[in-house]
Amino acid sequence: MEELITAINSRLDPAANSSLNSTTEKYLEADNMDPYWTQVKRLCTANAAADLDGPFVKERKRKTACKSGVVFELLDRGRLMAHKLRELAKAGPVEPGPLRQLPNETVDEEFGNVCMSMDCREGGGAGKSLHKMCDQLDIRGVPYVVRELKIADYIFFVGDKLAPILIERKTSEDVAGSLHDGRWERQQRTMRKAQFVLGDGPARRCQICYIIEGDANKRKVHGGNVGRRTYFQSVEDVENATEQLPLLGFSVMRSKGTLDTIGILAKIAQDVSWKANNGNIDVKFTYKQFLSRVKALPDEMGDPPTSREHQNPAPPVVVNASLTQPANPPPPGNGHNDTFTVQDNMDKSFSATSQDQDPDLHDIHHDENIAAAAELRKLSMQALKEQCKERGEKLGGKKDDLISRLLKPRKPELLIMRMRRGEYVPKVPSCNAALMVALLLHHVPGTQGLAKERLMVLAEETGVSKESMGGDGGNFYDGWSGVKQLQEGDPALVKREKGHRYSLTTQPPDSAGIAVAHALHIVAHREGLCQCGQDVS
């Protein structure tokens with residue numbers, strides 16, 4: 001182990017700005033999370049995160065071999081990979097254009113000749129979440145490169161030329177910190193100057209966009225401020241600043257968390273590739289030419305737009321509409337107008353299930369439910385609760401809440417029966433429901449199960465989880481925390497296979513995980529959550 005650490009450090013490119021400079025004892029600690037040593041240890045695993053045919057290295061215990069008592073050796077597949085990497089290193093950097101960091105030797109056709117460049121300080125840099133973000137890009141097959149960017153957090157190359165799109169990612173606490181130290185306005189001015197260069201001058205045909213990650217309400221600290229007390233920025237300050245972005249020339253996309261953000265970036269890369277193939281965007285400048293032209297522009301070119309033509313731009317891709325609402329929605333009615341409150345709940349209930357219906361049919365359903373609500377209002381709270389219990393609905397809340405639940409379509413009988421028997425039923429929305437729906441949509445029974453990392457990505461994409469599958473960054477829990485509950489019971493809903501892969505149980509047919517997942521999928525569509533695009537009516 002000691003010789004390996006010395007050999008790695010001697011071969012590292014100084015530009016990598018990384019090294020294994022801790023003691024051997026430190027790396028041997030069970031709770032050691034050093035990001036550089038983690039990359040070494042990862043070579044000893046199945047590398048499921050990148051879908052590589054690993055492991056490449058074998059770790060063995062040899063107490064007499066060295067002081068640490070740990071030795072490493074290349075496996076046959078590791079030796080083949082090492083030969084490939086040595087030949088690539090001898091060939092030197094590829095010109096023109098950035099080197100695309102991919103675990104595979106080929107690029108998916110949907111990404112074409114596009115490469116995304118990510119700032120090396122994203123996710124807190126190499127010492128924090130940058131490696132995890134890179135893993136997620138690997139899973140999605142996005143061609144990318146990590147570099148120090150002078151402008152924006154994410155840029156996109158078509159060949160060696162820059163595409164006219166610039167992305168800045170900020171968590172809620174990042175927004176608060178930027179408002180506090182003045183970076184908020186400085187960064188926006190610089191991005192508008194960059195837009196002038198890439199967007200053909202005054203026409204500004206370049207998209208500049210913010211991805212706002214997380215909920216400011218969940219990032220409050222003592223005193224009600226967001227991020228840190230010393231930022232002196234309330235939730236209202238953060239939300240107001242975000243809501244002003246469209247008037248300042250920026251489109252805004254909201255994200256639940258890092259997994260959701262990476263999914264958005266993958267969609268943008270695909271969109272850039274499609275536009276480039278169809279001649280819908282102009283790419284003119286290399287990165288060096290771009291920076292020199294931005295630097296030469298006067299500061300007034302970064303002023304906020306005054307023309308309505310350049311305000312309220314559309315985002316590059318469509319994201320989950322439920323995330324576009326502000327963190328502090330207007331409060332509900334005061335309860336004096338009960339008819340309005342039930343009407344509002346009915347509108348929400350039917351908006352998800354009638355988007356593609358005939359307008360006349362929708363009006364009929366709407367009138368029928370107004371009549372049904374009037375009849376339910378005549379019942380006592382106890383009678384309403386008994387009906388909710390019979391349908392497997394929650395019993396808490398005011399009368400309007402109970403009525404709105406009874407106006408929804410009845411849950412699939414399988415879910416109701418499981419609730420009556422006291423068996424576990426994942427809620428919709430929830431992370432466990434998202435995991436089951438993802439397995440239903442993307443795994444074929446009888447084939448090898450899905451790896452955790454891939455399953456987490458697919459669950460995030462379903463939209464069935466209210467929270468981010470990757471967690472909100474504020475605690476140790478993420479969307480995988482409840483998966484153990486899915487593996488309990490007789491029968492269990494999910495089974496773990498060899499190699500830490502997961503699939504839905506299939507027996508007995510009427511109560512196995514695949515049947516429950518079908519039922520949850522139906523509920524998710526009725527709630528307007530699932531984004532799979534399938535017709536489950």
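We number each residue from 1, following the sequence as shown.
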Within the 3.5 Å criterion, strictly below it, is a donor on Ser251 or Gln207 matched to an acceptor on the partner's side chain?
no
Arg405 side chain to Arg391 backbone, donor-acceptor under 3.5 Å:
no
Side-chain heavy-atom pair Tyr231, Leu179 within 4.5 angstrom cut-off
no
Do Lys408 and Arg526 make a side-chain contact, defined as non-hydrogen atoms from C-beta onward lying under 4.5 Å apart?
no
Interatomic distance, Thr462 atom OG1 to Met469 atom CE [nearest 0.5 angstrom]:
7.5 Å
Give me the atom names and distance for the closest heavy-atom approach of Ser465 to Lys256.
O-NZ, 2.7 Å
Can you tell me if CZ on Arg228 sees more than 12 non-hydrogen neighbours from other groups inside 6.0 Å?
no
side-chain contact (heavy atoms from CB on, under 4.5 Å) for Phe290 and Lys150? Distances and angles first, verdict last.
CA-CA 11 Å; Phe290 161 70; Lys150 304 297 183 182; over 6 Å; no
What pair of heavy atoms forms the shortest contact from Phe157 to Ile155, and how long is it?
CE1-CD1, 3.9 Å
Side chains of Glu122 and Tyr154: do they bring a donor and an acceptor to under 3.5 Å?
yes
Are any of the side-chain heavy atoms of Thr261 and Leu265 separated by less than 4.5 Å?
yes
Please confirm whether the backbone N or O of Glu213 pairs with a side-chain atom of Ser255, one donor and one acceptor, at under 3.5 Å?
no
His521 versus Pro412: any side-chain heavy-atom pair under 4.5 Å?
no
Could you go through Arg410 and Ile416, starting from their C-alpha distance and side-chain angles, then the distance that decides it, and tell me whether this counts as side-chain contact (heavy atoms from CB on, under 4.5 Å)?
CA-CA 9 Å; Arg410 186 180 178 88; Ile416 296 175; 3.7 Å; yes
Pairwise distance CG(Leu137) to CE(Met118) - rounded to 0.5 angstrom
5.5 Å
Could you go through the salt bridge (Lys or Arg N to Asp or Glu O under 4.0 Å) check for Asp271 and Lys275 one step at a time?
CA-CA 6 Å; Asp271 184 66; Lys275 289 179 178 177; 3.1 Å; yes
List the steps, then state whether side-chain contact (heavy atoms from CB on, under 4.5 Å) holds for Val494 with Leu435.
CA-CA 9 Å; Val494 172; Leu435 290 169; over 6 Å; no
Looking at every heavy atom in both Lys170 and Trp184, which two are closest together, and how far apart are they?
CD-CZ3, 3.7 Å
Which residue, Asp153, Ile151, Ile208, forms the side chain to side chain contact (heavy atoms under 4.5 Å, CB included) with Glu168?
Asp153
My understanding is that only residues two or more places apart in sequence, or in another chain, count here; which of them pass side chain to side chain contact (heavy atoms under 4.5 Å, CB included) with Ser430?
Pro426, Lys427, Asn432, Ala433
Heavy-atom donor-acceptor pair, Gln136 side chain to Ile262 backbone, under 3.5 Å:
no
Under 3.5 Å, is there a donor-acceptor pair between the side chain of Arg418 and the main chain of Tyr424?
yes
Phe156 side chain near Ile167 side chain, heavy-atom distance below 4.5 Å:
yes
Between His443 (side chain) and Ala438 (backbone), is there a donor-acceptor pair under 3.5 Å?
no
Between Tyr210 and Gln188, is any pair of side-chain heavy atoms under 4.5 Å apart?
yes
Ignoring hydrogens and geometry beyond distance, is a side-chain donor-acceptor pair present between Lys132 and Thr258 at under 3.5 Å?
no
Is the shortest distance from a Lys or Arg side-chain nitrogen in Asp215 or Arg219 to a carboxylate oxygen in the other one below 4.0 Å?
no
Any donor-acceptor N or O pair under 3.5 Å, side chains Asp401, Ser404:
no
If we only count heavy atoms from C-beta on, is the Ser511 to Met417 side-chain gap below 4.5 Å?
no
When rounded to the nearest 0.5 angstrom, what distance separates NE2 in His310 from CZ in Arg205?
9.0 Å
Grab the two heavy atoms, one from Met191 and one from Ala152, that are nearest each other, plus how far apart they are.
CE-CB, 4.5 Å
Nearest non-hydrogen partners of Lys411 and Gly392, listed with the distance
NZ-O, 2.9 Å
If we ignore hydrogens and angles and just use 3.5 Å, is the side chain of Ser273 paired with the main-chain N or O of Ala269 as donor and acceptor?
no
Taken to the nearest 0.5 Å, the spacing of His500 NE2 from Lys452 NZ works out to 10.5 Å
Once rounded to the nearest 0.5 Å, what's the spacing between atom CG of Asp282 and atom SG of Cys206?
11.5 Å
side-chain contact (heavy atoms from CB on, under 4.5 Å) between Leu247 and Asn312, intermediate numbers included
CA-CA 6 Å; Leu247 291 176; Asn312 300 301; 4.0 Å; yes
Are side-chain heavy atoms of Lys495 and Ser503 found at a separation under 4.5 Å?
yes
Ignoring hydrogens, what is the shortest heavy-atom contact between Pro445 and Ile514? Give both atom names and the distance.
CG-CD1, 3.8 Å
Separation of Glu423 CD from Glu488 CD (nearest 0.5 Å):
13.0 Å
